Undergrad: 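Here it is, the structure in full.
Quick note on labels: first sequence line is chain A, next is B, and so on, each numbered from 1. Just so we're clear, the structure is a prediction, and the values are computed from it rather than from any experiment.
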There are 2 protein chains.
Amino acid sequence: MSTQIPTPGKPVRGSQSGKPIMALFDLLGRSWALGVIWQLSRGPMTFREIQTSCERVSPTVLNKRLKELTSSGLVARGDTGYELTATGEELFGLLEPFGAWSKQWADSLQESDPHA
Amino acid sequence: MSTQIPTPGKPVRGSQSGKPIMALFDLLGRSWALGVIWQLSRGPMTFREIQTSCERVSPTVLNKRLKELTSSGLVARGDTGYELTATGEELFGLLEPFGAWSKQWADSLQESDPHA
DNA sequence: TCCTATTGCTACTCTTTATGTAGCGCCGTA
DNA sequence: TACGGCGCTACATAAAGAGTAGCAATAGGA
């Protein structure tokens, strides 16, 4: 378990500079990171609840993501399970518009390529 | 080259439902996808320019990402290289606030863990 | 015309990351 | 005491990414 957790100020996957945005992109650009935040925005969830709401995530990966998100201050463990921290909620605030946008995007893709 | 490109409406990595947001997260949750969009927001760039501006991206992966982003309608090839489409610019509009936010996030992480 | 330089990209090997399944140890309840 | 759900961990396999070399195509100059 020698996984490097992306941290601003330290070189991360794909960036020597340690630019915060690159650290953030590294953190979020891992499988299920965005999905977990998305799910948790609906309220605290247990490990297994997250697992089932994200349809296929393996416990191995979910555990890694939760550790990364926790040590990045986006997620914490409360009494009722995992939940977003204030910082995590903030980030979700930025993420939320993606929901509506993704629907438009889906529609526009269908128009231009109905066979998809 | 049997890579499945995430497309809303079709099952994607981690989602049978084909929910647009999940397809989007799958697309963006791949290494360098977010970084490439970020870089391209500054204007059209050649393949090699993207490669060097993203400090370490291997041509293999960059090519895959560009193909994915192109077939998702976010990126296109113009006369002066790769560039964001109107849709891509739209998405970047949502992404832009992450820049400022990531700096705050970096600061708050340093406070709570100065050894990072 | 030939040389050179740059571009987009493929081929290849090796490492890292993710998947999928099984199951353990720890509660709380009956 | 047995049972169930919980948060995981272990393991084997598959997929994705890194890193390096180099090719075909185009552009420019001598």
Undergrad: Output every pair passing ring pair (Phe, Tyr, Trp, His ring centres under 6.0 Å) with a member in residues 42-78 of chain A, not counting sequence neighbours, ordered by first then second residue.
TA: none

Undergrad: Between Leu62(A) (CG) and dT21(C) (C1'), how many Å, whole number?
TA: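 Between C1' of dT21(C) and CG of Leu62(A): 16 Å.
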
Undergrad: dA16(D) phosphate, OP1 or OP2: any side-chain N/O from Trp32(B) under 4.0 angstrom?
TA: no

Undergrad: For Phe92(B), give me all partners under ring pair (Phe, Tyr, Trp, His ring centres under 6.0 Å), at least two apart in sequence or on another chain.
TA: Trp38(B)

Undergrad: Of all residues at least two apart in sequence or in a different chain, which pass the side-chain contact (heavy atoms from CB on, under 4.5 Å) check with Thr46(B)?
TA: Arg48(B), Glu49(B)

Undergrad: Quick test: give all pairs of protein nitrogen or oxygen and nucleotides 5-7 of chain D nitrogen or oxygen below 3.5 Å, distance rounded to 0.1 Å.
TA:
from, atom 1, to, atom 2, distance (Å)
dC6(D), N4, Arg48(A), NH2, 3.3
dG7(D), OP1, Phe47(A), N, 2.6
dG7(D), OP2, Phe47(A), N, 3.1
dG7(D), OP2, Arg48(A), N, 2.7
dG7(D), N7, Arg48(A), NE, 3.1
dG7(D), N7, Arg48(A), NH2, 2.8
dG7(D), O6, Arg48(A), NH2, 2.5

Undergrad: How close or far is atom C1' of dG17(D) from atom CD of Glu68(B), stated in whole angstroms?
TA: 12 Å

Undergrad: Could you list the residues that satisfy side-chain contact (heavy atoms from CB on, under 4.5 Å) with Thr52(B), not counting sequence neighbours?
TA: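 With neighbours one apart ignored, the set is empty.
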
Undergrad: So, does Thr60(B) get its side chain near the phosphate of dG17(D), meaning an N or O under 4.0 Å from OP1 or OP2?
TA: no

Undergrad: Let me know the distance between CG of Leu66(B) and P of dT7(C), rounded to the nearest Å.
TA: 15 Å

Undergrad: Counting just side-chain N and O atoms, does Ser58(A) come under 4.0 Å of either OP1 or OP2 of dG20(C)?
TA: no

Undergrad: Report the distance from atom CD of Glu55(A) to atom P of dA18(C), rounded to the nearest whole Å.
TA: 18 Å

Undergrad: Tell me every residue that passes side chain to side chain donor-acceptor pair (under 3.5 Å) with Glu89(B), counting only those two or more places apart in sequence or in another chain.
TA: none

Undergrad: Check the distance between dG17(D)'s P and Leu34(B)'s CG and give it to me in whole angstrom.
TA: 13 Å

Undergrad: Nearest to the Ser31(A) side chain among dA18(D), dT19(C), dC9(C), which nucleotide is it?
TA: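 Looking only at side-chain atoms, Ser31(A) lies closest to dT19(C).
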
Undergrad: Roughly how many Å is it from CG in Asp26(A) to P in dA16(D), rounded to a whole number?
TA: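 Going from CG in Asp26(A) over to P in dA16(D) covers 18 Å.
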
Undergrad: Distance-only, no hydrogens or angles: does the Thr85(B) side chain make a donor-acceptor pair with backbone N or O of Gly73(B) under 3.5 Å?
TA: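 Yes, the answer is positive, given that a donor and an acceptor are paired below the 3.5 Å cut-off.
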
Undergrad: Roughly, in whole Å, what's the span from CZ in Arg30(A) to C1' in dA18(C)?
TA: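 So the two atoms are 12 Å apart, to the nearest Å.
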
Undergrad: Looking at residues at least two apart in the chain, or sitting in another chain, which of them share a side chain to side chain donor-acceptor pair (under 3.5 Å) with Glu90(A)?
TA: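 For Glu90(A) the side chain to side chain donor-acceptor pair (under 3.5 Å) partners, ignoring immediate neighbours, are Trp101(B).
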
Undergrad: Within residues 37-44 of chain A, find the residues that approach DNA chain D with a heavy atom at under 4.0 Å, and present them sorted by residue number.
TA: none

Undergrad: Does Arg65(A) make a side-chain N or O approach to OP1 or OP2 of dA18(C) shorter than 4.0 Å?
TA: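 Yes.
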
Undergrad: Would you tabulate the side-chain donor-acceptor contacts of residues 76-84 of chain B under 3.5 Å, counting partners in other chains and residues two or more places apart, or write 'none'?
TA:
none

Undergrad: Between Asp26(B) and Arg30(B), does at least one N-O distance fall below 4.0 Å, as a salt bridge requires?
TA: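 Yes.
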
Undergrad: Rounded to whole Å, how long is the line connecting atom NZ of Lys67(B) with atom P of dG17(D)?
TA: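 That distance rounds to 14 Å.
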
Undergrad: OP1, OP2 of dG8(C) versus side-chain N and O of Asn63(B): anything below 4.0 Å?
TA: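 Answer is no, no contact under 4.0 Å.
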
